[in-house]
Structures are given as C-alpha cells and as structure tokens.
Participant: 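Handing you a structure now.
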Amino acid sequence: MPPQLSILIVGAGLSGLAAAIQCALSGHSVTVLEAARELAEIGAGLQLTPNATRLLQSWAVYPLIHAPCEPATCTVQDYRGAVLAHEDGFAENCRRKYGAPFADCHRVDLQQALVKRARELGVQVVLGARVCGLDFDLALEDREVGEDDGRTQVQVKVDDGRIWEVDLVVAADGLWSACRSVLLGRRDAPLPTGDLAYRIVLREEQIAELDPRLRDMVGTPGVRFWIGPDAHVVAYSMRGGSMYNVVLLVPDDLEEGVAKVEGSTAEMRALFEGWDPMCVAYLLPLPIHYSTFANGADARLTQLLSRVDKVDKWKLMHREELPSWVNAQSNLVLIGDACHPMLPYLAQGANSSIEDGAVLGLLLSPSHNPKFTSASQLSATLQLFQTLRKARGEAIARETFKQRKDFHMPDGKEREERDRVFAGWLGKKEELEKSKVEFPSRWTCPVVQPWLYGYDAVQEVEGAAGR
Ligand SMILES: Cc1cc2nc3c(=O)[nH]c(=O)nc-3n(C[C@H](O)[C@H](O)[C@H](O)COP(=O)(O)OP(=O)(O)OC[C@H]3O[C@@H](n4cnc5c(N)ncnc54)[C@H](O)[C@@H]3O)c2cc1C
C-alpha cells in the first residue's frame, strides 16, 4: 500500500487547488482551508500557458473552464502605433510546439473548475476558515504506519477555534502569506516592485458601444501589447469573447502599505492619452509600420479606456528569495506566490504556481516517484521538491523584471536598438524560431518561450526520480 498522508493546504487559490488535486490523485487525504467565505470574482483575466494547461488537461479540469479563448494572434505595438512583433496562428503554434493550449480565461472560472474537480476527488474544501496558528512539534502518538521515524504532526488552528492535526501543511496563502512569516520566525512583508496595475474588464454592453472596427478587434481573440516609456498595456478576450480584459502597467504612485484601491478613470485615461493612434493602415494587412499615418483623435486605446466606468489599482509586489521553502521539521512547505511572487509581465504567476502544486503531488506518488515508498521519506521528498522548483520559480520571477526592462524602455538609443531587433524579425516567424536568439518580447522569444511553455511537470518528476 502506498503511504497515505493527511495534507492540509492553506489557501484555495490556484496553487493550493492544483496541489490539492495532484495530492488527492496520489492517494492522500487532503483538506483545503480558505479564509474567504466565497470564491468571488477576485482579480480579472488570466492567461494560461501550455506548461499549466497540459496539467489542467491531465486533471480533466481544462474542459470545466468556462469558455476559454485561444488567441489567434500575438502582437506587440509601440505606443506610437508601430507594430513591433506579430505572430499569426499563435494559439495553434503553441498547441503544435508544446502539445497543450494557450488560453485566456477569467481567474474565478479557473478557480471554480479546480474546486469542482478537487471535490470530485474527495478533497474537503472549507471556506470561511482563516488559519491563524501552526504548531509544528506535535508528537505522533496514534500513527498507523511504520515505527518511530522521528516525524511530528502539525496542529493547525483556525480563527473560529477549529483545529486540524495533519502530517503536512502546504502553505499556498499567496503574496501576503502568514505561513511564510511563521517559517522565517519573523514578520515578513512583500516589497513594492515600483509598478502598479490598473485592471479593467469590459463587459458585453460596453464592447457593443465600441467603433465597429474596434469591436471586431475585441471579438477576434488575440494577445495585444502596447509598450512605451515606463509603461505597457496588455489586452485579450475572455469568456468566449463576451469580455475584454485590459491591464495597464504603470509606475506605482500608491502610498506605502496600500495594496489595492479604487482608481480614478480620469487619471488612468490621462496616463495613456495619445497612445496607439488609429490610422489608415489599421485596415491593411500586417506587418506594417503605421505610425506615419497616425491620427490621435481615433486612438484605439483612448476609445477602449473611454468605456471604462470603474477601475482598481493594484500595487505590484514581490519578495526576496527565501533560503528554504521547507521548515526544519519537514512538515511545512511553501508554494506559489507565498514563495515566488513575480511581476505579471510574462503571465507566469499562476502558471508556475500550478506547476508547483503538480510537482509536489507527483513527488508524493510512488507510481511517479518510486523513491517515495514510506511516510518517513517525506523529508527527502520535500527537499527534492525544493531542488526542482526553487530554481525555476525564482528564475521566472527574475525573467519578469527583464521583460519590464525591455517593454518599458524610455525613448533613446537603447530603445532604438531594441526596435531595430524587433524590426529585423518582423514577418520572419520561422526564421526567428530557428535562430534561437534572444528576442525583446519573451512571449515569442525562441529562447524563453520553450523554457517557460515547454516545461512538463510529469517528465520533471519522473526524470528526477530516475524513472
Ligand atoms: C494584474 C495581474 C495580472 C496577472 N495575470 C496573470 C496571468 O495572466 N497569468 C498568470 O499565470 N498569473 C497572473 N497573475 C499572477 C497570479 O494571479 C498569481 O501569481 C496567482 O494567483 C498566485 O496563486 P496563489 O494560489 O499562490 O495565491 P492566491 O491566488 O493569492 O491565493 C491565496 C489564497 O490563500 C487565501 N489565504 C490567505 N491567507 C490565508 C489564511 N491565513 N488562511 C486561509 N486562507 C488564506 C487567500 O484568501 C487566497 O484565496 C497576475 C497578477 C496580477 C496582479
């Protein structure tokens, strides 16, 4: 019989639910405690990349997501209107290269799909349960497996007085993780990155009011970036094209300690005034440089932003790299934003968190990891988890800052050089792919894209386990 552990996951975010599903599939008894009373529409759109969708498919979660949109194109434009990079057949190419989809969805739709599948697998998901205390040194008295192997249980306390006693706690409590502070033994707050995000969702009725050409653009799933000095915009369709997600990334002007506030739509519009002027060439096939035809009065972004009636400003935060993701007793492990939050500039926060959950659960399965045959191997297994995941999670986080540098360049020589690189590869997708050179947009970079999207958690675990 494979060892069965009692696993408690703190947080029903994307990392926690991914871990819950894979740990349940590996035969463990899993409980997820979530502070929120309901799984509401927190956040907005989410870009799912093949490194995570291959897992969502293998868990039978992908078909449960409400109307994901696979973007037909990926386009990067200069804030003055010039097309810098463009790929047709983007989602198709992703499926061909990586064997799994690239898809845009609403965060809550993914979260609900994960919860549904987790519950089907017997996971107990408890809402309205805020974890407020962890005691790691509980003696194991009534254990059923093995003789004394020095392991201890964890006592988990919830703020309404309920208590759980489990073999392993998985801290998936996000950016503001309290478990992280417990692991470190001191209060540890996230750090500002210097940027903030305006998050916008245009609903069906707002889209209906757009200029017909703009409505067509919104209705044709594509990932679109506009990049300019110190700022960029990313936009894509979700829920089958009935919603349009727009994120504006700008320098942070929120006070210290303020994580999220309602923003002023007027202030937001002023920041992007004159960006992406519409022009005659808008109607012509790509690739084309059309800044010369600019007519600021018709700017597409200005039009999109003019429909926004409500917007939230989110301070973008990150964290120092931790010395360890596992506690000394080997009964607490951190995953997701609790240990490697990042800028959202490569859309990898959730995707890499899903990878974390998968790798952890797979390592706890003797059929994927033959070395895990007894609960006494938990410590070695968590160390292997850390070896496999820490370097990657932290490397992705660092890469997001490099994307900021390349997207947010001020006007000047360095930007001109960047644009020469963009221009040199425009319309040469196949050549770019074969070249294996670094490209300023990592979204289609032949070096970074395969490293991000080509990751296969199952292969990673089975390779490390010597299968
Ligand atoms: C503007 C923006 C755009 C983004 N776009 C993308 C994208 O396109 N693709 C992508 O991959 N990523 C994206 N991300 C990042 C992504 O949202 C996060 O990386 C991801 O949600 C992290 O998942 P998590 O489960 O680790 O944390 P979270 O999603 O934050 O979940 C943590 C959960 O723990 C719960 N919790 C906290 N404390 C406790 C406690 N004490 N007891 C019980 N429960 C607790 C919380 O209520 C929450 O539900 C974006 C982020 C931002 C800000």
Side-chain angles (χ1 to χ4, degrees), residues 8-20 31-40 42-49 51-53 71 102-108 110-111 114-115 125-134 156-160 162 164 169-182 190 193 195-201 223 233-236 238 245-250 259-260 311-319 334-357 393 396-397 400 443 452-453:
L8 186 139
I9 297 173
V10 185
L14 307 176
S15 62
L17 292 167
T31 303
V32 181
L33 300 185
E34 167 56 49
R37 298 202 171 276
E38 56 171 341
L39 302 177
I42 296 173
L46 203 65
Q47 310 229 70
L48 290 173
T49 54
N51 42 323
T53 55
F102 182 115
D104 297 327
C105 68
H106 199 297
R107 181 187 179 277
V108 77
L110 172 62
Q111 193 182 26
L114 288 163
V115 168
V125 181
V126 186
L127 301 179
R130 175 174 295 281
V131 171
C132 64
L134 296 171
V156 181
K157 288 188 198 130
V158 169
D159 59 2
D160 60 10
R162 281 176 290 175
W164 274 262
V169 171
V170 179
D173 50 346
L175 178 67
W176 295 88
S177 173
C179 295
R180 179 184 168 110
S181 296
V182 172
T193 59
D195 285 358
L196 67 79
Y198 284 95
R199 300 182 92 168
I200 298 160
V201 176
V223 188
V233 179
V234 57
Y236 50 85
M238 53 184 191
N245 190 73
V246 187
V247 189
L248 314 175
L249 294 314
V250 299
K260 183 186 157 198
V311 72
D312 286 329
K313 276 167 100 166
W314 298 57
K315 193 188 275 284
L316 298 177
M317 312 281 277
H318 72 130
R319 296 281 202 167
L334 267 54
I335 63 171
D337 272 9
C339 48
H340 57 80
M342 54 188 74
L343 282 166
Y345 298 173
L346 296 173
Q348 285 302 313
N351 288 297
S352 61
S353 298
I354 293 170
E355 290 177 3
D356 284 348
I396 299 174
T400 65
W443 292 76
L452 290 178
Y453 300 178

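Just follow the structure's listing: the first ligand is 1, and inside any ligand the first atom is 1.
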Participant: Would you say the side chains of Thr193 and Asp195 form a donor-acceptor pair under 3.5 Å?
Facilitator: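 Their side chains do not contain a donor-acceptor pair, so the 3.5 Å distance test is not met.
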Participant: Run the side-chain hydrogen bond (donor to acceptor under 3.5 Å, both in side chains) test against Asp104 and tell me which residues pass, sequence neighbours left out.
Facilitator: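 Not a single residue meets the side-chain hydrogen bond (donor to acceptor under 3.5 Å, both in side chains) criterion with Asp104.
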Participant: Return the protein residues near ligand 1 (heavy atom under 4.0 Å from any of its atoms), ordered by chain and residue number.
Facilitator: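 For ligand 1, the residues that come within the 4.0 Å heavy-atom cutoff are Val10, Gly11, Gly13, Leu14, Ser15, Leu33, Glu34, Ala35, Leu46, Gln47, Arg107, Ala129, Arg130, Val131, Ala172, Asp173, Gly174, Ala197, Arg199, Leu316, Gly336, Asp337, Pro344, Ala347, Gln348, Gly349, Ala350, Asn351, Ser353.
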Participant: Please evaluate residues Thr49 and Gln348 with respect to the criterion side-chain hydrogen bond (donor to acceptor under 3.5 Å, both in side chains), reporting the C-alpha separation (whole Å), side-chain torsions for both, the decisive distance (0.1 Å), and the verdict.
Facilitator: CA-CA 8 Å; Thr49 54; Gln348 285 302 313; 3.0 Å; yes
Participant: Show your working on side-chain contact (heavy atoms from CB on, under 4.5 Å) between Gln47 and Val234 and close with a plain yes or no.
Facilitator: CA-CA 11 Å; Gln47 310 229 70; Val234 57; 4.0 Å; yes
Participant: Any pair with a residue in residues 169-182 that passes salt bridge (charged side-chain N to carboxylate O under 4.0 Å, His left out), sequence neighbours left out, goes on the list, sorted by first then second residue, please.
Facilitator: Arg180-Asp188
Participant: Once salt bridge (Lys or Arg N to Asp or Glu O under 4.0 Å) is applied, do any residues pair with Glu355, and if so which ones, sequence neighbours excluded?
Facilitator: Arg389, Arg392
